[in-house]
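Please read the structure below before turning to the comments.
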Amino acid sequence: MAGVWVLAETEERMFELLGLGKELSKQLGCKLFALAWGQQDDGRRYIEHGADEVMLMDPPGSDQPLIAYVPVIAEEARNHDPDVILVAATARGKELAARLASALGTGLVSECTSFRLREDGKTFDMERMVFGGAAVQTVTCVTRPQMATIPPRCFSKALPESGRQGEIRVLPAPPSCPVRVVDKKPRAQQAGNIEEARVVICVGRGLEKEEDLKLVRDLAEVVGGEIACTRPLAEELKWLPEETYVGLSGKKVKPDLYVGVGVSGQVQHTTGIRDAKIICAINKDENAPIFSMADLGIVGDLYQVLPELTKQLREAIKR
Ligand SMILES: Cc1cc2nc3c(=O)[nH]c(=O)nc-3n(C[C@H](O)[C@H](O)[C@H](O)COP(=O)(O)OP(=O)(O)OC[C@H]3O[C@@H](n4cnc5c(N)ncnc54)[C@H](O)[C@@H]3O)c2cc1C
């Protein structure tokens with residue numbers, strides 16, 4: 001059963017991979033398989049969203065890491081010889097993908113953002129960002145199966161189609177793993193989720209004092225946005241939690257509107273805002289690099305622009 005296999009830990013990521021997998025399996029003229037942890041109901045939903053077959057695994061026990069399943073998945077792959085294996089690039093997914101590629105002796109393209117079928121009709125040219133997003137690398141996987149990890153929210157989710165039929169198969173339990181999870185606790189969330197926010201107000205080193213964050217909070221409140229920042233504000237100054245900094249080593253955001261306030265726009269930062277629909281920049285330096293990628297720009301002192309902008313937006317919303 002050669003085909004395209006997609007593997008994700010969560011339903012949301014699985015729907016995105018099924019959206020991409022449908023395209024690739026159509027181009028290859030093969031079937032689409034979903035590898036997932038869950039129950040029969042989950043399997044049926046994945047079939048509804050485009051999978052021709054679902055291979056279900058029992059959810060890991062509390063002391064089992066996800067990588068415990070590598071031998072089970074590798075065995076299936078050896079027996080069935082898929083053309084392509086795509087894994088959602090979550091923290092655990094990336095580790096699993098690397099170990100799976102090693103177990104299968106194949107190549108792995110990490111954080112792949114686009115696919116183009118080559119003339120042979122079998123292999124794909126895959127694109128990924130390198131040098132902090134300053135360049136795009138095209139890579140092909142010369143071994144089989146072709147493997148890639150896919151960043152979250154990079155491809156549109158598959159839509160459900162009623163009446164789809166498919167097979168659900170339960171894979172064997174994994175062998176005992178040499179690594180055991182001893183404890184797990186949720187990290188205290190100190191801020192809103194900027195990755196899901198539709199409006200992100202991002203503040204940079206143009207802000208002089210921590211107390212001045214109030215100006216940014218006031219604007220965020222009026223427009224219903226989440227506050228984000230550049231790395232120096234979180235890592236060096238500690239004015240905002242680390243989960244709120246955007247960029248190469250921080251979070252990637254995908255809002256309808258991103259407003260950069262006193263942000264210079266270094267590539268390590270702008271890598272994280274490439275998918276924003278509208279980029280607005282407020283900076284007193286008209287030559288700041290952020291203006292080269294901004295859709296809207298205000299050249300001015302944030303200490304004058306922010307209060308005025310907040311006031312006018314508040315009044316406009318009241319009207
Ligand atoms: C390996 C590596 C990884 C990195 N990863 C990240 C990352 O993930 N995210 C990230 O953000 N950075 C990252 N950085 C740091 C990055 O290179 C920049 O140093 C950082 O983004 C700059 O932050 P900034 O724009 O807040 O500050 P600055 O570059 O200092 O810019 C401040 C801006 O504010 C403007 N300004 C000053 N006063 C005012 C005012 N009163 N009104 C209006 N504008 C004003 C200035 O004109 C200037 O453009 C990384 C660096 C390295 C080396």
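Values below: every heavy atom of this structure, side chains too, minus hydrogens, waters and symmetry copies. As the structure is a computational prediction, the values presented were derived from the model and not from experiment.
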Does the pair Lys157/Glu12 count as a salt bridge with the N-to-O cut at 4.0 Å? yes
Testing the 3.5 Å rule here: is there a donor-acceptor pair between the side chains of Ser249 and Arg231? yes
Using a 3.5 Å distance criterion without hydrogens, assess whether the side chain of Asp63 forms a donor-acceptor pair with backbone atoms of Val181. no
Audit row: Leu28, Leu117, side chain to side chain contact (heavy atoms under 4.5 Å, CB included) steps and yes/no: CA-CA 8 Å; Leu28 290 175; Leu117 191 61; 3.8 Å; yes
Looking at every non-hydrogen atom in both residues, tell me the closest pair between Lys122 and Asp120 and how far apart they are. N-OD1, 2.8 Å
Whether the side chain of Tyr69 engages the backbone of Trp37 through a donor-acceptor N/O pair (distance < 3.5 Å, no angle test) should be reported. no
Should the ring pair Trp5 and His80 be called parallel, tilted or perpendicular, given that the plane angle runs from 0 to 90° and is split at 30 and 60? tilted
Treating Arg128 as the side-chain partner and Val139 as the backbone partner, does any N or O pair qualify as donor plus acceptor under 3.5 Å? no
Are Ile47 and Met55 connected, step by step, through hydrophobic side chains (Ile, Leu, Val, Met, Phe, Trp, Tyr) whose heavy atoms are closer than 4.5 Å? no
How long is the straight-line distance from CD of Gln40 back to CD1 of Ile168, given to the nearest 0.5 Å? 4.5 Å
Residue pairs fulfilling ring-ring contact (aromatic ring centres under 6.0 Å, His included) with at least one residue in residues 135-185, sequence neighbours excluded: none
Would you please name every residue forming a ring-ring contact (aromatic ring centres under 6.0 Å, His included) with Phe115, sequence neighbours left out? Phe124
Could you pull out the closest heavy-atom pair between Cys154 and Pro151, with the gap in Å? CB-O, 3.2 Å
